[in-house]
Trainee: 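Mind looking over this structure? Questions follow.
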Amino acid sequence: MGWLARVYVTPKTGVLDPQGKAVQHSLHALGYPEVGDVRIGKYLELHLVDVSRESAEARLREMCERLLANRVIEDYRFEVDVADAS
């Protein structure tokens with residue numbers, strides 16, 4: 001059985017996000033004043049095979065802690081779903 005993991009990495013609250021501020025400013029300049037705070041992060045998809053859901057989640061947590069997120073300045077969360085067999 002395979003799993004599709006979606007990992008979301010975002011700057012922690014209070015951490016300066018210059019990319020987010022630039023996008024917010026640009027959206028305002030384009031006529032979208034309703035846009036409030038913008039945070040720019042990373043989105044990753046990982047396919048895991050031959051592991052249980054519990055093992056996949058444990059391994060993902062380890063990957064996030066060791067490589068995918070800088071825990072000093074970033075938060076992460078992930079979702080794990082059965083991978084499409086097609």
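In this chain, residues are counted from 1 in sequence order. Please read these numbers as outputs of a predicted model, since none were measured by experiment.
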Trainee: Which pairs pass ring pair (Phe, Tyr, Trp, His ring centres under 6.0 Å) with one or both residues in residues 53-76, sequence neighbours excluded?
Mentor: none
Trainee: Could you identify which residues cluster with Val72, counting Ile, Leu, Val, Met, Phe, Trp and Tyr as linked when any side-chain heavy atoms lie under 4.5 Å apart, either directly or through a chain of such contacts?
Mentor: Val15, Ile73
Trainee: For a side-chain contact (heavy atoms from CB on, under 4.5 Å) check, start with the C-alpha distance between Arg59 and Leu46, then their side-chain angles and the critical distance, and finish with the verdict.
Mentor: CA-CA 11 Å; Arg59 301 286 284 168; Leu46 292 84; over 6 Å; no
Trainee: With sequence neighbours excluded, give me every ring pair (Phe, Tyr, Trp, His ring centres under 6.0 Å) pair touching residues 4-61.
Mentor: Tyr8-Tyr43
Trainee: Side chain to side chain donor-acceptor pair (under 3.5 Å) with Arg39: which residues, sequence neighbours excluded?
Mentor: none
Trainee: Measure the spacing between CZ of Arg66 and CZ of Arg71 and express it to the nearest 0.5 Å.
Mentor: 15.0 Å
Trainee: Is the backbone of Leu16 close enough, under 3.5 Å, to the side chain of Lys21 for a donor and an acceptor to pair up by distance?
Mentor: no
Trainee: I would like to know whether Lys42 and Leu68 meet side-chain contact (heavy atoms from CB on, under 4.5 Å); could you show each step before the answer?
Mentor: CA-CA 9 Å; Lys42 298 180 276 190; Leu68 302 179; 5.9 Å; no
Trainee: Grab the two heavy atoms, one from Gly41 and one from Pro11, that are nearest each other, plus how far apart they are.
Mentor: CA-CD, 4.4 Å
Trainee: Determine, step by step, whether Val9 and Leu44 satisfy the side-chain contact (heavy atoms from CB on, under 4.5 Å) criterion, reporting the C-alpha distance in whole Å, the side-chain angles of both residues, the deciding distance to 0.1 Å, and the verdict.
Mentor: CA-CA 8 Å; Val9 180; Leu44 303 95; 4.2 Å; yes
Trainee: If you take all heavy atoms of Gln24 and Val35, which pair is closest and at what distance?
Mentor: NE2-O, 4.0 Å
Trainee: Do Val80 and Val82 land in one hydrophobic cluster if side-chain heavy atoms of ILVMFWY residues count as linked below 4.5 Å?
Mentor: yes
Trainee: Say whether Leu67 and Val51 are linked into one hydrophobic cluster, either directly or through other cluster members, by side-chain heavy-atom distances under 4.5 angstrom.
Mentor: yes
Trainee: Taking only residues two or more places apart in sequence or in another chain, which ones pass side chain to side chain donor-acceptor pair (under 3.5 Å) with Asp50?
Mentor: none
Trainee: Which residues satisfy the side chain to side chain contact (heavy atoms under 4.5 Å, CB included) test with Ile40, sequence neighbours excluded?
Mentor: Asp17, Gln19, Val23, Val38
Trainee: Might you work through the side-chain contact (heavy atoms from CB on, under 4.5 Å) test for Leu60 and Leu48, ending with a clear yes or no?
Mentor: CA-CA 9 Å; Leu60 278 165; Leu48 300 116; 4.1 Å; yes
Trainee: Any Lys/Arg nitrogen of Glu57 or Arg53 sitting under 4.0 Å from an Asp/Glu carboxylate oxygen of the other?
Mentor: yes
